[in-house]
Structures are given as structure tokens and as C-alpha cells.
> 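To start, I am sharing the structure in question, which I have written as C-alpha cells.
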Amino acid sequence: MALTHSHGVRERVRGGAGAGRYDREAMADPLHTIAHTLRDAFAAVTGLPAAEIDPVVRPSPRADAQANGALALAKQLDRNPRELAEAVVATGALASVCSAVEVAGPGFINLTFTARFLAEQLAAAAADPHLGVRPAEVVETAVVDYSAPNVAKEMHVGHLRTTVIGDALVRMLEFVGHTVVRENHVGDWGTPFGMLIEHVVDLGGVGETDLSDPGGFYKQARAKFDASDEFKARARERVTLLQGRDDDSTMAIWQQLVDQSADYFDIVYGRLGVLLRRNDIVGESFYQPYMPAMLARLETAGLLAESDGAKVVWVPGFTNREGEPLPLIVQARTGGFNYATSDLTCVIDRVERLHATLLVYVVGTPQSQHLQMVFEAARMLGVLVPPARAVHVNFGNVLGDDRKMLKSRSGEPAMLLDLVDGAIARGRAAVAERNTDLDEVERAELGAVIGIGALKYAELSSDRIKDYVFDWDRMLAFDGNTAPYLQYAHARICSIFRRADVDRASVRAVVPTLDEPQERALALQLLQFDAAVHDTLDKFSPHRLCTHLFDVAQAFTSFYEACPVLKDGYEATRESRLALCDLTARVLQLGLALLGIDVPERM
RNA sequence: GCUCCCGUAGCUCAGGGGAUAGAGCAACGGUUUCCUAAACCGCAGGUCGUAGGUUCGAUUCCUACCGGGGGCGCCA
């Protein structure tokens, strides 16, 4: 899946060392542009290689941007920071794009862009299907491991964040040009399947079970397992049969459980609106046949050791309760494989078969140590070596009011489908409450878009590392940093174009005028979309894009209040403002799409 | 015990080696003959957990401590 761009503005410039650089004239983000310009200016003034210089360009409350680089550089060179900043300004490098360049305080360079420069950058972004977002400098094959429910078990609140965050990352990675392999590492193997299969047998065998709602199935099997030694013994034997893979009846029942669960997962994913489908399932069973070879490789590499009868890898730097070295157990004393075996085999598969260079694990924080050990073992094996690397995209818990894991009324973890349906129902209620002139079908569709959007946005808009408190009212509020607020801003823009009876695409060649402060502020926000996307991907933190989109929406509503678009007396600015509206709507629509959230045209 | 993460406004959260730490909600005060008021504007609110250290400069980096949570051998 090669990235191709038909438009000329983002041609790769070949010949640099390592990653290709892009023609800086082509960049829509003025901060990015100015950073390059300043880097060269600093290089000229100091004599240092440009590659070693960071001009530290940031948005500024005092101007459009500020460059703080002079302070650190001056210290490094033992020069006066103010003089250095003034020397850089004196090069005149910024004259063509800035209307004001001032050195302030100890050596800050405050920059104000010319309206013309900003307007041209806006026009460039508007002409770009990617709205100014640069493609990745190095195109990679990325495997994103997310969601990972268990066969024959219900999906619950614990799967919400991994599914929503993973899906957003997949969309963004693809958008900037990476080849992305979605992998749903479902739990479809292991000792629990002994009891699950045996339970199916008790129920009358294949065809007599219905897993469309796995609710009590797992619990029934579990209860029998705990209560009956006889059942327990049968379950153990069944595990052996399963692992042998050649008992037809066992395999048929297992396959049935897997297939029915896949149907159920598809229902959940479909309703939630994520990309995962059954083709993305690569369960633990897939890796099972490759595990003996993996163990042999560990053996050959001299990494396999024995400890208390188990086969282990001693991974340096990890200790147990007693302060003794902690092993990564890859084969239990019983000879059985466990999740370390599976995960290590999986790393090898992703690197060697899929040729992935970026392995993304969207998995909860509690598995951090386990994953670090697996990654380290893979490094020791010489598999997970540059350019291949693994990233644990960890996340905190979804909490209820009581600050504990979100529960259903029965006290168990809230079921994912209940949360999804609850979001849709609340979205519909919100629409009905504000009743517009929509018919039933439209209202239902809109309710789902708003409800699901709110649910997902709540997951994505705060730092994934922290726990967050689930709150229906807050996520569905039309004020604040919520999906409905962003969707509303988009709907208002669509309304303007309906009223004007103007085709959106027709204003995309317009170079807007930016006379009002709200127009400038909006322009600056819109041009930072590129940086927001890349920043989000660098840190695998979708909340960064959320924050940016919220800033865009706020800048737009301020503009909307202050700058009439269609009203009488504003004919002179009409085209220009329509162009700003169009680009705003596109940034909101695209940005939310990258998060897996739809936008309505009317609300 | 060892180890990882978190601690920012009443609440929910951003931010991050630099200039007066930002939003939203709630509260208070305004705005609608006008493109969707599901909105906007204003006002108020914080010794950035505590104490040291590095630095010209720390809320940001380092150390210790306090508070909360996770993990620590044959489940995943």
C-alpha cells in the first residue's frame, strides 16, 4: 500500500541522509516553516550545523509564535542570548513572512506572521486532500494489536479503551502513509477451553449452543468447573485433546465457539463503528504451532534456562518479591505454553513474517512489566532490533463514580454492548430533546452519531495513561471539550453553505483575507492541524488531536460570532469567510474521522 | 520489601527547562429584530502533593518523602 500523492506540493526531496525531508515551501504549518527558516538563520549566525539546532518555536500568547532557541544556544556558545537573537533577526530571513519580529526579555523572538503568508498557507492546505498534514517521513509497516477480547466471553468496559484508542491510531497511521496491519489478538486458546468445550458437550454438542450473547455461558462453565471434580477432570482431558488438534469433535466445537464469538465481536465492532472485523482476528491459537520452533531458537541462542522445572528466559533487570532475578516463563513445568510463549512468538511473527518495523500494543498498564520482559527477550534473541521496535501504548482504567472499575448494576464489569447501546439511546434522547424537524430515521441516525461520538471522544480526549471517570452527562454535553460540541460546530458550517446555496468545493481556491483578529486566530489554529496529527502519532496520544480540534472549534465559534458570513453588508468578505468556513469544517470532519468519529451535516 | 505510573483551580482535565501556568464544567454578570443560543462575551478561582538539588531560569529535569493505583514465577 504505497502512499501516492497526485498533487505536486508535497513531493519528496531526495538525497538527504536517512529520512527524506520535504520542501519547506510546501508546508502549511507556519510554525514548522518558520522553524526551518530560523534553524538555518541560527546556523548562519553561529556557524553550527543546522541539524544540531532547535530554534524552539512555539505558539505564543504574545504573538503568533515565539522562538526560544537563542537562550539555550547562547548558553552553549557562551554568548549573550539577546545579541544572538538580534543577530538572527538581523539576517532578515523572516522578513518575507513576518510583519513583526521582536526580541523580547532575555532573548525570546516574538513573531507575527503577515496576513498574506497565513492566507497563502490556508489556500495551500485547502488545495490538499490531507489539509496540510505531511505524510510520514519514513513509511513503515505497523502492526497495531488492540481490542483482544476472549472467545466465549462478553466484551466489557475493559475492552473499551483499547478498542477505541487502537482504532484511532490505526486510522492516523494509515492516513500519514504507513502500511497498517490490524491484529485482534483474541483469547481463543488455553486451559479455559477445556471447560468451555466440555460445557458445550454437556449442552448437547455443536448446534445446541448460542453464543450471540455470551453472557452466562462462560460463567456456567466456570461454576461447574469450580464445583465438580468430575467436570474438572473432563475439562483437563479436553485441553489435551484440543492441544493435539486432531480430535475432530473437539476441534469442531472449538471452531464453533470461535466462529460464534467472531459473529458477536462483529456486532459490537459494527455498532461501535471501529474498523476491526473477523479478518483481523489473529488469535493465540494461530501462534501455537510456531511455539516449539521459537523455543528451539531460544535454546540455540543459549537463552533458554530451567528453573523449578519450567523453561525460562532470564531477562536482566527484573526482580521478584524477594529481590531475586525474575524469569520470563516460556514453558510451564507441565510442558504447557503460556502468554509469554505466545507473545514472544507473536513478536517474531510480526517482525519476520509481516516485516513490521513498528509493533504497537494497545494494552492496559498492568501488563507493562510482562510486555517489557517479552520485548527485552525478543531483543536478546536478535529479533526486535532496529529498525523494528515495539511500543506499549498503555492506558488507565475506566472508573465509575466510586472511583472503581465501572460496573453494571449487578456489580460486574459493565458490558461493552450495554455501554454502546446506552450511548446510542442517550444520543437519541438528546436529539429528541432539542427536536429539530427531523424524521424518525434521521433522528435515530443522528442519535447514534452523537452518542457513539460522545462515547469515543470521552475515551480519546484525556491522557490515556491516566484513569478516567466515566460520566454520561459530561461526555454528551454540548458545552466543553466533547464530541457533540465539535459536531455542532461542523453542523453550523454546513448550515451556512445550505443557506448560501454555495457548493463547498467552489470556495477552495479562494485565498482568504484575514483582517479580523478572530479570522487570524482561526487561521492559526487551522494551520496547526498538521502538527497536531504528527504530535499525536509521535506520542501515540489521541488526546492531543482532540485538544487541537477543540481549539479549532472554539476559534471557529468565536469567529462565527464576530464575523458575519452571509449577512447583508458583508458581501466583500463573503467568499473569504466561506473559504474559512469550508476549511474549518474539513479539518473538523477529517480530524474526527481520524479518531473514528462521524460528523452530521445538521443537528 | 522491590518496582512502575499518577498527584496542576471546587469538579473534570490540558500543558510543560523559560516571560503573568491554561481550558471546560459548576458559580456569578452579560449577549438573541442578526448565518443553528446545542452558542458567545466578561468576571472570579491555583504557593502545579511536600522538601531538597541541578540551572541564568524548575510547575516541567534529578533525589527523597507523603498520598493514590498497578505489577512482582508457571492465568491471560
Side-chain angles (χ1 to χ4, degrees), chain A residues 56 58 60-62 66 68 71-72 74-75 81 104-108 110 148 150 185 187 189-192 284 307-312 317-343 363-370 372 394 396-397 399 403 430-431 433-434 436 450 458 461-463 465-469 471 473-482 484-485 487-489 491-500 543-544 546-547 550-551 554 557-558 560-568 570 574 577-578 581 602-603:
Chain A
V56 196
R58 300 284 142 79
S60 174
R62 291 172 169 71
Q66 65 182 63
N68 307 335
L71 289 92
K75 186 177 179 184
F108 302 109
N110 291 338
N150 290 307
H185 196 80
W189 203 254
T191 48
E284 289 168 343
S307 175
D308 291 346
K311 294 282 197 339
V312 308
F318 295 89
T319 54
N320 68 11
R321 266 189 195 97
E322 284 73 44
E324 297 155 352
L326 181 68
L328 182 69
I329 296 171
V330 291
Q331 187 169 24
R333 195 180 324 146
T334 59
F337 300 140
N338 59 12
Y339 72 138
T341 332
S342 169
D343 286 342
V363 175
T365 300
Q367 298 212 43
S368 182
Q369 179 180 269
H370 164 71
Q372 295 316 319
N394 61 326
N397 294 315
L399 307 178
R403 289 252 153 208
V431 172
E433 200 177 307
R434 274 104 180 164
T436 53
I450 291 174
S461 59
S462 70
D463 189 346
I465 290 172
K466 298 178 185 173
D467 292 346
Y468 97 93
V469 179
D471 184 335
D473 291 336
R474 197 175 345 118
M475 72 177 74
L476 279 151
F478 298 95
D479 305 306
N481 189 8
T482 67
Y485 178 80
Q487 291 169 327
Y488 177 62
R492 282 174 125 181
I493 295 170
C494 292
S495 171
I496 291 171
F497 279 92
R498 274 196 303 275
R499 188 171 284 259
H543 81 275
R544 289 170 176 268
C546 293
T547 301
F550 180 56
D551 290 343
Q554 285 204 118
T557 48
S558 294
Y560 180 90
E561 297 290 330
C563 304
V565 180
L566 302 178
K567 289 178 187 171
D568 290 344
Y570 292 92
R574 193 178 131 113
R577 289 179 178 174
L578 281 172
C581 286
R602 59 180 85 216
M603 283 175 78

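Order of the sequence lines fixes the chain letters, A, B, ..., with proteins taken first and strands second; residue numbering starts at 1 for each chain.
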> Can you tell me whether the side chain of A:Asn110 and the base of B:A19 have a donor-acceptor pair closer than 3.5 Å?
yes
> Before you tell me yes or no, could you show the steps for A:Tyr570 and A:Arg574 under side chain to side chain donor-acceptor pair (under 3.5 Å), namely the whole-Å CA-CA distance, both residues' side-chain angles and the distance that decides it to 0.1 Å?
CA-CA 6 Å; A:Tyr570 292 92; A:Arg574 193 178 131 113; over 6 Å; no
> When the C1' atoms of B:C28 and B:G10 are compared, how many Å lie between them, rounded to an integer?
14 Å
> Using a heavy-atom cut-off of under 4.0 Å over every strand shown, decide if A:Arg544 touches base, sugar-phosphate, or nothing.
sugar-phosphate
> Can you tell me the pairing partner of B:C65 across any strand shown, Watson-Crick or G-U wobble, with both distances under 3.5 angstrom?
B:G49
> When we call it a touch if two heavy atoms are under 4.0 Å apart, what does A:Thr319 touch: a base, just sugar-phosphate, or nothing?
sugar-phosphate
> Can you tell me the Watson-Crick or wobble partner of B:C25, both distances under 3.5 angstrom?
B:G10
> Between A:Thr557 and A:Tyr485, is there a side-chain donor-acceptor contact under 3.5 Å, judged purely by atom types and distance?
yes
> For nucleotides B:G53 and B:A58, find the distance between their P atoms and express it as a whole number of Å.
11 Å
> Hey, which of these two, A:Lys466 or A:Val312, hits RNA chain B nearer its 5' end, going by closest nucleotide?
A:Lys466
> Does the side chain of A:Phe478 come within less than 4.5 Å of A:Arg434's, by heavy atoms?
yes
> Show, in sequence, the C-alpha distance, side-chain angles and deciding distance for A:Leu578 and A:Leu566, and conclude whether the side-chain contact (heavy atoms from CB on, under 4.5 Å) test is met.
CA-CA 9 Å; A:Leu578 281 172; A:Leu566 302 178; 4.3 Å; yes
> Applying a 4.0 Å non-hydrogen cut-off, can you work out what A:Val56 is touching in the nucleic acid: base, sugar-phosphate, or nothing?
nothing
> When only distance counts, do a donor and an acceptor, one from the side chain of A:Tyr488 and one from the base of B:A38, lie under 3.5 Å apart?
no
> What integer number of Å spans the C1' atoms of B:U47 and B:G7?
16 Å
> With nearest nucleotides of RNA chain B determined for A:Ala477 and A:Ala310 from heavy-atom distances, which residue corresponds to the more 5′ nucleotide?
A:Ala477
> Per the atom types in the model, does the base of B:G70 pair as donor or acceptor with the side chain of A:Thr365 at under 3.5 Å?
no
